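Remarks on the structure that follows.
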2 protein chains.
Amino acid sequence: MADNAEDIVTERKRGSGVKHVYEMLRDEILTLALPPGRPIDEVNLAERFGMSRTPIREALVRLAGEGLVETLPNRSAIVANIDFMKLHTFFDAITLMYRVTTRLAAECHRPEDLEIIKGHQERYVAAVAARDPLAMIAINRDFHAAIAEAGRNPYYTALTLRLLDEGRRILRLYYQSFDDRLPKEYSDEHAGIIAAIAARDVELSDRLAREHADQIVRQIQQFFSRDTRHEVPL
Amino acid sequence: MADNAEDIVTERKRGSGVKHVYEMLRDEILTLALPPGRPIDEVNLAERFGMSRTPIREALVRLAGEGLVETLPNRSAIVANIDFMKLHTFFDAITLMYRVTTRLAAECHRPEDLEIIKGHQERYVAAVAARDPLAMIAINRDFHAAIAEAGRNPYYTALTLRLLDEGRRILRLYYQSFDDRLPKEYSDEHAGIIAAIAARDVELSDRLAREHADQIVRQIQQFFSRDTRHEVPL
DNA sequence: GGGTGATTTCTTGTCGACAATTAAAATGCA
DNA sequence: TGCATTTTAATTGTCGACAAGAAATCACCC
């Protein structure tokens, strides 16, 4: 096991341990550093993070609550699998949430929200220029998360965040295999969405969000249904 | 503290402890037996359930993940408050989820789903006849949960369940104060929704679900905005 | 040699105890 | 008496250890 990076531990504050483990594991799951199905050993993690099993377990319970790890009774927890059979439900849900949150953002946003959203967009453009797919994926999530926040409906925000996280894992598969082709068109679409929100044009925001979602869904579906057979002369 | 019901403990199976505590606390929170804001003492619960603090804590972490308890660092966890300022976001979200899940149920349901839904409807009618508001609230939740299940989108189902649970608490306030008036009209609306789903009429299902949601929202809003001042001759 | 049952090992679920932190009580002072 | 400060008490966060259960290994029998 060479991937157990040594996390140096230096006098953590009381209560910050779980948070640290939680965020660390979460990030490794979402970037596929921990692939779906990988067993998660508690003592292993405890040694790695230099703490007891108790806070590790708490972090795992929280991750399980978000559907990022699956726990079998008396057996090792595993990184949640990606159910390709139910991918269509994901597409369905994220399309709806893109639309709803973007509509609400157009209605409810305040100037400071717009600044935050624009900030993410700038970082996104930079990531595209740097050809950094991991950064692009993470920032794409932050971009839509900021829009959801601007909509100010915590229920929508929570579901959107969950979908965006799941989306990070799926997009990671996508970019890995398409050898990190860089979709500049996304940043153009993002710009359009920002403009629509700023103009408080609800219907336009809805339409652009829907088209943006359709675009992503179409590309991923195309990727998953592509024919990878090699031609063999017989 | 007289509300510490003695939960007799008899040799529980390994791993069933957390589940038991979780379901128990959850039910007490949703029925307002534990009112919003009430502090939750871990040792107290540990004594009450006859187990150590560890499984209690795990149950609390799970409940916190669902937003049913709030945890302050180094301080007692409390039963999650109901934020009346954000009630409109709840109405917004549950209306959308009623519509979406009922639409999907009309599309995707199988015969056995319909049987389950009808079963809940029968139980609901019985609860209305028995004038049992707590049962009505719980079954109303099961009814819509079953519809969401029939729609077969786990993301929608999860959000709907969360909203229905939050709804149980809000409805409980409503029924308590209106001295348990019994809305038979709900059961009629439920019957209409069942028929629309059975007929696989997506648009009708959508419309009925929306009207059903509007109806509930209107009644609750009316309740919360009613004028409770007493006339005082001066 | 293969399959079945016992044994060992390994991992999780739970426990009791201690330390850190906060809230409350008690003390001192103006 | 009222307020600030110290002391005490109470509660959480973390730890190490043990027991129950499952997987893997080994022995045994056909």
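Bear in mind that the values here come from a model prediction, so they are computed numbers and not experimental data. Quick note on labels: first sequence line is chain A, next is B, and so on, each numbered from 1.
The CZ atom of A/Arg53 sits 12 Å away from the P atom of D/dA17 (whole-angstrom rounding). Regarding B/Asn74, its CG atom lies at a distance of 5 Å from the C1' atom of C/dT21, rounded to whole Å. For the pair A/Glu70 CD and C/dT12 P, the interatomic distance rounds to 16 Å; values are reported in whole Å. Rounded to whole Å, atom P of C/dC15 lies 12 Å from atom CD of B/Glu58. For B/Ile56 and C/dG13, the CD1 to P distance is 16 Å, given to the nearest whole Å. Rounded to whole angstrom, the span from the CE atom of A/Met51 across to the P atom of C/dA20 amounts to 16 Å. If you measure from atom CD of A/Glu42 to atom P of D/dT14, you get 15 Å, rounded to the nearest angstrom. For the pair B/Leu72 CG and D/dA10 P, the computed distance is 21 Å after rounding to whole Å.
When heavy atoms are screened at a 4.0 angstrom cut-off, B/Ile40 is found touching the sugar-phosphate backbone but no base atom.
Under 4.0 angstrom from either OP1 or OP2 of C/dG13 there lies no side-chain N or O belonging to B/Thr54. For the OP1/OP2 pair of D/dG13 and a distance below 4.0 Å, the side-chain nitrogens and oxygens of B/Arg57 include at least one atom meeting the criterion. Between C/dT14 and B/Ser52, no contact under 4.0 Å exists linking OP1 or OP2 to a side-chain N or O.
A/His190 and A/Phe143 have parallel rings, their planes meeting at less than 30° on a 0 to 90° scale where 60° marks the start of perpendicular. Below 30°, between 30° and 60°, or above 60°: for B/His144 and B/Tyr98 the angle between ring planes is below 30°, a parallel geometry.
For B/Arg75 against D/dG13, a side-chain-to-base donor-acceptor contact under 3.5 Å is absent.
Of the residues listed (B/Arg38, B/Arg169, B/Arg48), the one engaging B/Glu28 in a salt bridge (charged side-chain N to carboxylate O under 4.0 Å, His left out) is B/Arg48, and it is the only one.
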Determine, stepwise, if the pair B/Leu173 / B/Phe84 fulfils side-chain contact (heavy atoms from CB on, under 4.5 Å). CA-CA 12 Å; B/Leu173 287 175; B/Phe84 294 101; 3.9 Å; yes
Step-by-step side-chain contact (heavy atoms from CB on, under 4.5 Å) determination, A/Asp83 to A/Thr89: CA-CA 10 Å; A/Asp83 189 348; A/Thr89 67; over 6 Å; no
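Nearest to the side-chain atoms of A/Asp41 among the listed nucleotides C/dA20, C/dT11, D/dG21 stands C/dT11.
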